[in-house]
Every structure is written in structure tokens, then in C-alpha cells.
Number of protein chains: 2
Amino acid sequence: MHVPGEPRVPVTIRDVASDAGVSVATVSRALSGNGHVGPATRDRIAEAARRLGYQPNDLARSLHGGATGTIAVLVPDITNPFFPELVAGIQAVANEQENLLLLCQTGEDPTTAVRELRHLRRKRVDGVVLVGGLPATDDLGAAVGDLPVVTVDRDAGWPASWSVRADHRGGGRMATEHLVELGHEQIAHIAGPAALTVAQERLAGHREALQASGIEPDESLVVHGDFGEAGGYDALRTLLRRRREFTAVFCSNDLAAVGALRALDEAGFRVPDDVSLVGFDDIHLARYLRPSLTTVRQPIHELGRRAATLLLEAAVGSRPEQHDVLDVELVRRDSTRPVRRGR
Amino acid sequence: MHVPGEPRVPVTIRDVASDAGVSVATVSRALSGNGHVGPATRDRIAEAARRLGYQPNDLARSLHGGATGTIAVLVPDITNPFFPELVAGIQAVANEQENLLLLCQTGEDPTTAVRELRHLRRKRVDGVVLVGGLPATDDLGAAVGDLPVVTVDRDAGWPASWSVRADHRGGGRMATEHLVELGHEQIAHIAGPAALTVAQERLAGHREALQASGIEPDESLVVHGDFGEAGGYDALRTLLRRRREFTAVFCSNDLAAVGALRALDEAGFRVPDDVSLVGFDDIHLARYLRPSLTTVRQPIHELGRRAATLLLEAAVGSRPEQHDVLDVELVRRDSTRPVRRGR
DNA sequence: CTGTTAGCGCCTTCAG
DNA sequence: CTGAAGGCGCTAACAG
């Protein structure tokens, strides 16, 4: 079956030109909109292009030196629900501006990131959104080179750069303040990987809130997870094994809270009756957990939109270096309640 | 700050050639590996390339007619956890073969898909993985043209094509058979969108199992959702409003089960004591729900791997048309139990 | 083994 | 307003 208008043999601008009885230059002008072309010829060319099923070759177009209309996003792990929501935001902006989006996964591994970055440069992408909590290294900066980069939740570290991030420290503070206000004093924290700055900042916020309330931070109530369900589950079991009392847990992200919830359940603790639980991120799932999860909401989609917007402007050189911090907000749901005294 | 080896001004093969004192052809051969080059010159060229921070321009390379080393995947909604797991599988294979992956979202909208496809063809991607449950249309076939396409969970419908899918009908049957074996006779079904073939097939399997057991399918126990948490939640409330007895619910996907679980909870039903619940997909989350979710496991990651493998082979013309169906498997967890008689 | 020479498909001066 | 010609960066014959 040959579908009309979708040729099996690539048709070039030359075919259109000869079909319309004009030169390639005229076709180029007519189709790209640059330069003036008589209305009559213009129509004739459009018609010929349509009939032949001509599709301009963007490779040749970009080769000339222009933009490629393609940006890339590097995320640690697309399987973590936080990232798809972020990517969706980036994608939305990219599409609005007729850009395509390349997806790369780094697993938070600097070596992989460097390799991907090199590949992307060879492909001449217009820019990259770099997501992840690892601090910037020289290697990374070198691999980036002159590529416009917007980082999300990550320290920049190289000269010209743009970044957008949420207020992780403030969020950590809010989560713990909320628990303190409910009367909790023994508050455990399931942190993220110690190497990630976002995890460090949320932890720092947690400690600040504790100290501000005159509660001495207890190191044995802090366990590091991996930002995944399994990590949260294991972390909570570690906590249990330590046999230190706690009436609330602040999880560094919602996914860890899912695992913690399960571990608490298996151990016979009920949320929020026996222990209160707070998450971070407010992924879609949070409101559907039982109990629904009190959490610190990041404007995930907006983070993505903002990053992509900055990037696309940076790529055309119309935007000086800029570092945005977006506010977070506590969402009170059913996983937290006032502490039950004297048990 | 100028990072050595990462030039601000694009360095071309010509720069390397003159720096190494050879012709561009030799540099091309030395760097791409095709054709023989003397070891001495080879080293000299490699050294020059490294020092100058030369990055081959893949646009020019591909313009010559070769592959672009880029494939694309079109998914309905990256925010649904099923798709990231699938995309991860595709990505894994793509990366192994030094390919980049373009991510597009269609929202199951044919018009959007057609637009994206056209864009992808202009970019000369080597192939496309088309994911989604909508039946193929002529429009889509036309937009695909001569682009190698592997469909996942979707009817092909155009001439040369490859597809991979899970056994949805068989899975639907397994889910319901499991419930029947547990003694359930009033089994509700929260289906997916009626327009999607995967939803239709799971529903068909459900009915088959019912009939095979001599249970008359009851249309009022079937509600269509949207494959999201909200859809599952609403669907279950609809079911409740109908005031028909049921002791078990088979949800067409895990995400809907999350919503159903919550709605049941709010209505005072306990899972699995009052009603048993079965999902479909076995996304990561399923095992972390409380109770953990009995579900029909699709080999999601493998579906992705298979699709990408087929595509990459199809793209180089080394693989004839092929349609794979992967097996699914029932995973028994804690959300199902024998029916409680005489309540 | 290496250099020279054509293009790949398109855009963009520069003339006409 | 339109055509002819050069070149983007690279690869692939074809000669030496």
C-alpha cells in the first residue's frame, strides 16, 4: 500500500523546485518564509510540496548553523514519579515552542552524565536541562562546555548558567515545624542519599526547626534512604531496630514515605494514630495514599516549565544568568495528628 | 573561565586536519574507524582532536544519508507510572546501542500523534516506538510513512510493521479466574477507557472467565475509568451508588486500583476482608500498597526492551515484520482472599 | 596508506 | 521578485 503524499523515496527541495518550475532558492524562501516570493509562485510551490509529500530535512537546515530545535533533559531515574512530572512540565514548554525533547537517564552517575553530555553536543542540541542533586564537578562543567544548561535542584558551578530549584531547606523546616506544632518532640527523619544536596538541605531544614523549638537533634533518629520505596521501607526498619522512641517521621520524599508507611504497618504501628508521617514533593500519588499524605508540595510541573523556558531563552542568547528559587508549601492531609501523650 | 578542551568556537574536522598536518579524509577515517590509517598518523590525529576539543558534528554525518542514531517514543502520558517503566526499558536498549531517545507525549490524541510524527520525520529519526491503546487510523499510517515503527499495546494497521504487546485478554481472564477460585461470584470490573483496545481486551478476558465459570456477566458491575487514580476512585463510587452487591473488584490497571482502594476505604469497606481487589500491570508501587496488591504482572521493562530491539533492527532493514505477544502472570499478594460467605 | 574531489539538502549572499 | 553559486561539516568514491 502506497499512502499518497508520504513518499517512500525521500523527496528533496530540488524535486519540489523542478515540479513547480522554479529554482531551489525560491522554494527555500517560499517554504521557510524568509524572503519575498510572489503569491502565485508561492501557491504553486506549496501545492507541489503538498502533492509530492515534501518534508524538509531538518538536519540540512540545522547544519547551516541554526538551531536544531531539540533540547535534552538528564534525569537520574525516570521511574521515580517525581521526574515524569517534571519532564511533563519541560515537555509542555518545549512543544509549545516546536522543540523536541531528548530524554537521558544518568542514575545520578557523573560518568554517565558526562558521556551523555558529549553525545548531546555531537548532536548539536540547543540546550540541556540537568536534573539531580549531585554537586557540580569540573568534569561535568567541561563536558557541558558552551552548551546552554539549566540545572534543576542542582548546584550550577560553571560560569554562565541558569538554575531553578525549590526551597528545600525551607520545606524541611516547614515539615518539622508542623510536627512540632502538633506536639511531637521525638521526630525521626528518613533522609535522602547523603551525597545529594537536596537531601542535605531538607535535613538541614529539619534540624533548624528542631533547634528553633529547643529540641535537641538526635542523630540516631536520622537514617539515610535512597529516595525510593525500598529505601524508605528499609530506613524505617532500621529506625525500629534502634529502639528509640519516636512519634513522628519526616520523610525526605513521598516515595520513601510509601515505603515507611508499609514498614510501619507491618510493625503494627498505625498512621497517624501511633505515628505521624510527613512526606516531601506532593507527587500525584500522595493524596491517594491511605491515610492521604501530609507533605511539602513542590511546584513540580512549574519547575519543569520554568527550566524549559529559561533554557529556550538562554539558547538564543536573550537571557542573562539567573537563579530561581520556587516556594514550597505544606499540604496538611491525614497522615499527621497531634501527638498522643503518655502512652 | 575557559575550560581547556571545550572550545567556545566550534572546531571542525578541517581544524584537526590542518593541526595534524593531514587531509580531512584521513581525519574522518581515523576518527570514524572506517578505512585504514597508519598508527603514527592515527595517534597524531587523535592527539590533535583531543587537544582542540573536537566534537564531530553528527548533523553533517547523518546528512550524508546514514542513520541519525536517534529514535523516538510516543507515549500517551509519561505521568502514568506504567510508561516510565516502559520508557526505561526502551532507553536501556537505545543506550546500549549508542542511540538517543526522543520523548513525545500524545495524550492518546491522534491529531497530536500525527503532528509529532511529522516533526520526527523532518528530524530524520531512525524509528519510532508508538505506545498506546488507540486503534491505528489511516491518518496515522500516512504520517508514519516509511518510518520504521514498532507499536506497543496497539494495533498496527499499516503494511510493514512490528508490534509487541502483552496478553491483555489472557491477563483479564487470569485476574477474574483467581477471584472465582476464591469463591467470588459478584465481581465488579473497573475498566479502562472504552476506546482503548487494551481496556477492551482485559474486559473481554474478564467476561470470558465469568462465563467459563457459569457466572452471568452483569453489565451494571462494569464501570469505565480513565486508567488514573481519579478514574478508579470515581468508578468505584459509581459502583457503590448503584447499590449492587459485589465482593470483589478487578481493576483494569494498578493506578485505578489505588483510587478504588481509597474509595473503598472511605466508604468503610476493608480490603481484603470486605472486598478483594485485583489490579493489572504490577507497577513498582503495587507491592508497597497496603494491602499489597494482587495483580496481573506485565513484563513492562521487557516490553520496552523488546520494542527497542525490534525497532533498531528494523531500522537497518535486518528484520522482517513481526508481532510479539508477551505472557503475563498473576501475582498473588494481600488484596485478595476467599469470599466471606453469608454476611 | 593518504589526498582530492564530489556531493548529502538546505540556506544565503550576490547578481540579474 | 527570482536564479546561480558557494558553503555548512562530513563521508565516500576515486586516484595516487
Side-chain angles (χ1 to χ4, degrees), chain A residues 7 9-46 48-49 52-70 118-126 146, chain B residues 7 9-46 48-49 52-70 118-126 146:
Chain A
V9 170
V11 17
T12 78
I13 198 174
R14 205 142 20 215
D15 302 317
V16 179
S18 71
D19 187 284
V22 295
S23 76
V24 294
T26 308
V27 176
S28 173
R29 281 187 281 254
L31 263 28
S32 68
N34 315 351
H36 288 198
V37 179
T41 29
R42 169 181 297 276
D43 287 352
R44 200 145 35 83
I45 289 168
L52 268 42
Y54 169 70
Q55 293 282 83
N57 184 333
D58 277 0
L59 295 174
R61 241 177 220 197
S62 313
L63 179 59
H64 203 80
T68 53
T70 306
R118 280 196 213 294
H119 198 166
L120 292 169
R121 293 189 56 187
R122 288 199 280 113
K123 282 281 185 320
R124 297 300 190 263
V125 297
D126 296 336
D146 55 354
Chain B
V9 170
V11 15
T12 79
I13 198 173
R14 205 141 22 217
D15 302 318
V16 179
S18 71
D19 187 285
V22 295
S23 77
V24 292
T26 308
V27 174
S28 173
R29 281 188 281 254
L31 262 28
S32 67
N34 316 351
H36 289 198
V37 178
T41 29
R42 170 182 297 277
D43 287 352
R44 201 146 32 83
I45 289 169
L52 267 41
Y54 169 69
Q55 294 281 84
N57 184 333
D58 277 359
L59 295 175
R61 236 175 224 198
S62 314
L63 178 59
H64 195 82
T68 52
T70 306
R118 280 196 213 294
H119 199 167
L120 292 170
R121 294 189 56 188
R122 288 200 278 113
K123 283 280 184 320
R124 299 297 191 263
V125 297
D126 296 335
D146 55 353

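Computation of the quantities below employed the complete heavy-atom set of this structure, encompassing side-chain atoms and omitting hydrogens, waters and symmetry-equivalent molecules. Each chain gets a letter, A, B and so on, in the order its sequence line appears, and its residues count up from 1. Note that the structure is predicted; figures quoted are calculated from it, not measured.
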### Query
Within the structure, does a side-chain N or O atom of T26(B) lie under 4.0 Å from either OP1 or OP2 of dC1(C)?
no
### Query
At under 4.0 Å, does any side-chain N or O of S23(B) touch on OP1 or OP2 of dG3(C)?
yes
### Per H36(B) side chain, nearest of listed nucleotides dT2(D), dC1(C), dC8(D)
dC1(C)
### Message
Taking the minimum atom-to-atom distance to the side chain of N57(B), which one of dG9(D), dG3(C), dG3(D) wins?
### Response
dG9(D)
### Query
Does H64(A) get its side chain close enough to the base of dG9(C), under 3.5 Å, for a donor-acceptor pair?
no
### Query
Does R124(B) make a side-chain donor-acceptor contact with the base of dG9(C), cut-off 3.5 Å?
no
### Message
Please find the pair of heavy atoms, one from V22(B) and one from V27(B), that lie closest to each other, and give the distance.
### Response
CG2-CG2, 3.7 Å
Return the value, rounded to whole Å, for the distance between atom [atom1] of [X] and atom [atom2] of [N].
{"X": "R44(B)", "N": "dT2(C)", "atom1": "CZ", "atom2": "P", "result": "8 Å"}
{"X": "L31(A)", "N": "dT12(C)", "atom1": "CG", "atom2": "C1'", "result": "16 Å"}
{"X": "R121(A)", "N": "dG9(D)", "atom1": "CZ", "atom2": "P", "result": "15 Å"}
{"X": "D15(B)", "N": "dC8(D)", "atom1": "CG", "atom2": "P", "result": "11 Å"}
{"X": "R122(A)", "N": "dC10(D)", "atom1": "CZ", "atom2": "C1'", "result": "13 Å"}
{"X": "R61(B)", "N": "dA12(D)", "atom1": "CZ", "atom2": "P", "result": "10 Å"}
{"X": "I45(A)", "N": "dT2(D)", "atom1": "CD1", "atom2": "C1'", "result": "10 Å"}
{"X": "L63(A)", "N": "dG7(C)", "atom1": "CG", "atom2": "C1'", "result": "13 Å"}

### Query
More 5' along DNA chain C: R29(B) or A25(A), using each one's nearest nucleotide?
R29(B)
### Nearest-nucleotide 5' precedence on DNA chain D, V22(A) against S28(B)
V22(A)
Got a donor-acceptor contact below 3.5 angstrom from the [X] side chain to the [Y] backbone?
{"X": "D43(B)", "Y": "A40(B)", "answer": "no"}
{"X": "D126(B)", "Y": "G69(B)", "answer": "yes"}
{"X": "R122(A)", "Y": "N57(B)", "answer": "no"}
{"X": "S62(A)", "Y": "D58(A)", "answer": "yes"}

### Message
Classify S62(A) by what it touches in the nucleic acid, base, sugar-phosphate, or nothing, heavy-atom distance under 4.0 Å.
### Response
nothing
### Query
Counting any heavy atom closer than 4.0 Å, what does N34(B) reach on the DNA or RNA strands: base, sugar-phosphate only, or nothing?
sugar-phosphate
